Amino acid sequence: MSSIINDEKKEFVSEFVNSSRELLDDVEPQIMALEKSSTAYGEVDPEILNTIFRLFHTLKGTASFVDLQTITSVTHEAETLLDIFRKEKINLQTEHVDLLCRTNDFIRNILDTVEKQLDDKGFEDVASGIVVDLKNTIAAVSGETGSEKLSPGNFSGNSVPEIMPAAASSSDAQQDAAEPATEEAELEQELKLVITPEMQKRFTQESHELCEEAELMLLAFERVPDNLELAANAFRALHSIKGNAGFFGFAELEKVSHAAETILDSLRCGAKKPDKNIMSAILSAIDFIRNGAKKVADGLRIDAAETARLTDVLCSISGEPAGGGQNQNRTEGRDSSIAETAGEISKQSDAQVKPPDTQSADASQKAASSAATQQYIRIDTEKLDMLLDLVGEMVIAESMVANSPDLRGLQLEKFDKAIHHLNKITRDIQETALAMRMIPLSSTFHKMERLVRDLSNKFNKKIKLEIAGEETEVDKTIIEQISDPLVHIIRNSMDHGLESNEERIAAGKPPVGTVRLEAKHSAGEVWIIIEDDGRGLNREKIIKKAIENSLIRGDGSDMKDEEVWKLIFEPGFSTAEKVSNISGRGVGMDVVKRNIEKLRGRVDIRTQKNAGTMIILRIPLTLAIIDGMEIQVGRARYIIPISSIRQSFKTAPDKITHTPDGTEVVNVRGELLPVIRLHKMYNINSLYTRLEEGLLIIVENNEKKCCLFVDELIGQQQIVIKGLSNYLGHVRGVSGCAIMGDGEISLILDIGDLINSVEMIAV
Amino acid sequence: MSINEKVKNSNTFLDDEMDEEMEDTQEDKYLTFVLNHEEYGIEIKHVIEIIGIQNITSVPDMPVYIKGVINLRGKVIPVMDVRMRFNINEQAYNERTCIIVITVNEQLVGLIVDEVSEVLDIPKTAVEPPPKVNRGAGSKFVQGMGKVGDAVKILLNADKLLFEEDLEKIAAL
């Protein structure tokens with residue numbers, strides 16, 4: 001090919017590329033139509049066949065015009081094959097269609113490169129593979145019609161080379177391949193696979209899922225060592241990882257997963273009994289793979305020393321020499337050649353964009369879809385959030401229409417019906433949109449299994465974890481926020497709550513302690529319950545510690561139990577005698593409180609001495625939409641979440657006490673509650689300034705109550721929470737705002753914040 | 001509103017593809033408005049749209065010049081009374097009062113001004129540096145003085161107008 005690359009040539013080529021893409025786009029549906037017609041009617045539609053032939057012919061012509069040898073040779077063979085079909089009127093088999101599609105894909109991939117470097121060099125090997133296949137097919141087809149002999153078995157084996165990510169199946173395929181010559185071509189082709197970032201991403205994701213699966217199975221297997229099926233499942237997951245790693249040429253990951261797989265193999269046939277060492281070794285191998293897959297995705301290298309160390313450990317368990325084993329040798333050999341080729345390719349492609357190899361992408365896609373059922377699709381969470389935002393807007397818009405002032409006083413029977421219908425649909429859409437963000441808690445819960453296992457080894461306490469209601473679905477935000485609190489609570493239970501095995505026996509309890517993790521729905525809330533059968537919270541100890549840390553005043557003897565338990569969530573609180581490396585620094589439980597409050601949830605504690613502790617995390621189901629009560633103060637309107645309202649009432653002057661510091665306290669059936677005057681707090685000219693004229697609303701947050709003084713209640717409605725502009729920063733006592741049916745904005749009161757602000761005044 | 005159309009014509013925010021081209025046409029263009037009989041200008045690239053005065057929900061604990069928030073088609077946008085930002089006497093809003101919705105650092109803010117005038121081309125050569133003499137609270141927001149014929153427009157720095165000092169003030173509260 002001429003080396004002069006001038007503008008004219010560039011123009012020709014880009015024109016060629018563009019028109020070829022169009023042609024290929026045309027060809028594909030035609031091939032599909034061809035297959036359909038040939039299977040449906042048992043004969044080939046000559047019209048379609050002619051069209052395809054013409055398209056390939058045009059391709060060949062233009063390709064040779066711009067001097068693209070590779071494409072010309074491939075299209076030439078395809079054309080020849082089509083010509084035979086056309087003339088001999090032979091029925092197409094699936095293999096033939098596959099082959100045509102492959103040719104099609106191949107040319108399409110090449111085009112990207114052609115566009116960049118203006119020639120089609122570097123693909124000769126792949127091309128020759130396809131040409132060989134095409135020639136074989138041509139020979140086979142004409143052999144069928146003419147009387148030349150060519151084994152059809154050969155042909156079908158070669159024309160559709162199986163490229164599977166799983167090492168086992170690909171090595172099987174290799175063994176199955178009959179002719180060494182074609183095998184070589186096939187292998188060569190396989191090695192030429194270029195890994196696109198897209199594929200790598202999928203690899204990482206898949207490995208992550210497989211690791212989780214393996215881990216889950218292993219932990220279950222450790223509990224029930226008789227169930228060999230569990231070990232077999234773990235084996236399969238690791239086997240898939242190994243296959244994928246080998247396919248992508250990640251030698252380190254492949255080595256480690258192979259070594260772990262070998263152990264699992266002997267475990268699953270019952271040749272080896274699982275013990276703690278074995279399990280820990282395999283688990284650390286899984287961790288290694290998980291991190292490795294992440295590293296690879298970020299383009300980092302995997303630590304070779306670490307690989308060697310892990311492999312040694314694993315091999316010493318399995319009894320297999322670290323570098324040895326026929327099986328291993330073979331994979332390693334394959335592997336290094338893959339790695340070499342990969343290096344070569346990446347060198348080659350430094351100056352060019354990697355042409356995506358659809359075929360290999362197809363293969364890994366196949367694997368992905370067989371791993372997960374096809375009923376799921378992955379969606380960008382951003383899109384989901386956007387949808388939820390839009391649904392929120394729609395709810396507002398709908399209520400704007402329904403409550404339009406223009407309609408006031410009109411009798412509109414049909415309109416009302418239509419609006420009612422619209423309202424129902426909007427609610428359904430809203431629910432569906434919210435449901436789309438719901439994820440089962442299972443993976444979060446199962447992560448805790450690993451935690452419990454590791455910690456129980458560390459503390460040297462036998463502890464088992466029971467899980468219930470893992471299928472409960474919660475909003476994605478909840479999942480993100482709940483993981484840390486769970487870790488802290490469980491750590492705490494295991495460290496402080498549960499006694500050592502000896503103590504338990506002495507106390508007449510079953511020697512193995514239990515931590516129970518349960519999730520369930522309860523009246524618009526999700527309850528996540530963490531329960532242990534340990535020694536329970538110790539009131540005296542907590543009070544003593546609280547006094548030491550000056551968290552409370554006085555001797556605490558007048559405190560209610562619930563108030564005492566709440567102290568463990570205060571920052572800096574810890575009753576542990578010594579700070580262990582797991583818990584005791586008093587940071588953890590503080591995180592629990594903060595994260596749960598972020599979710600507008602609350603924490604309940606129930607405990608009984610020597611019987612155990614139960615911590616209930618109560619989190620509202622939806623985060624974006626709440627039921628609110630609109631109230632009026634002067635001209636301003638605010639919203640109080642219904643969930644925090646206990647009661648509203650009018651009071652009489654004799655129920656009110658004025659303390660010297662200016663706080664007003666109202667007596668509600670013997671309970672003394674401080675009053676917050678919203679008009680004073682927010683500097684509003686309110687309708688009423690005397691408490692007995694307006695309305696008092698008892699609000700509660702975290703079992704702290706107070707009264708809000710307002711002019712009047714307006715009404716209850718569903719509102720969509722919106723953030724106040726970032727520009728304004730945090731506003732005292734306000735958690736956000738909502739757009740009301742009439743288009744006005746109302747601020748949503750943050751009851752917790754309000755109560756805290758009174759307490760600060762009161763203390 | 002004809003000015004809004006003009007703003008839109010030179011500001012195709014919705015059309016990403018147009019962005020680069022628009023950069024050129026936005027250059028040296030200013031939306032001018034009146035504040036206490038003085039003409040001010042703000043770079044057109046910041047301007048999203050101009051709306052009439054509407055109901056403002058006041059937000060507690062804000063500096064005096066932050067009047068509250070408005071609902072712009074479902075978006076909650078804080079509004080600033082530019083008069084009060086410049087320590088000019090407050091004036092009752094009337095039918096000429098406008099809110100110019102601008103965006104700076106992806107932050108939408110509405111500016112309440114006495115009235116909106118027009119979109120003007122003021123080439124860089126016609127812009128003088130701001131006077132060195134401190135003329136009061138507003139002077140630190142001035143980016144330059146634009147000469148249009150005999151008239152002088154005070155060109156504002158939108159970034160400073162929105163963010164200078166007031167963030168600390170809000171935080172201090």
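Chain letters run A, B, ... following the sequence lines, proteins first, then strands; residues in each count from 1. It should be emphasised that the depicted structure is a prediction, and the values quoted were computed from it without experimental measurement.
Heavy atoms from other residues, nucleotides or ligands lying under 6.0 Å from CZ of B:Arg96 number 12 at most. Around CG of A:Asn685, the count of heavy atoms belonging to other residues, nucleotides or ligands within 6.0 Å does not exceed 12.
Separating the OG atom in A:Ser725 from the CD1 atom in B:Ile70 is a distance of 11.0 Å, to the nearest 0.5 Å.
Here A:Glu398 pairs with nothing under the salt bridge (Lys or Arg N to Asp or Glu O under 4.0 Å) rule; sequence neighbours left out.
Between chain B and the residues A:Asn683, A:Val731, A:Val734, the largest count of heavy-atom pairs under 4.5 Å involves A:Val731.
Side chains of A:Tyr727 and B:Ile66 form a contact here, defined as non-hydrogen atoms less than 4.5 Å apart.
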Would you give me the side-chain donor-acceptor pairs under 3.5 Å for residues 50-59 of chain B, sequence neighbours excluded?
unit_1  : atom_1 : unit_2   : atom_2 : d
B:Asn55 : ND2    : A:Glu744 : OE2    : 2.6
B:Thr57 : OG1    : A:Ile745 : O      : 2.9

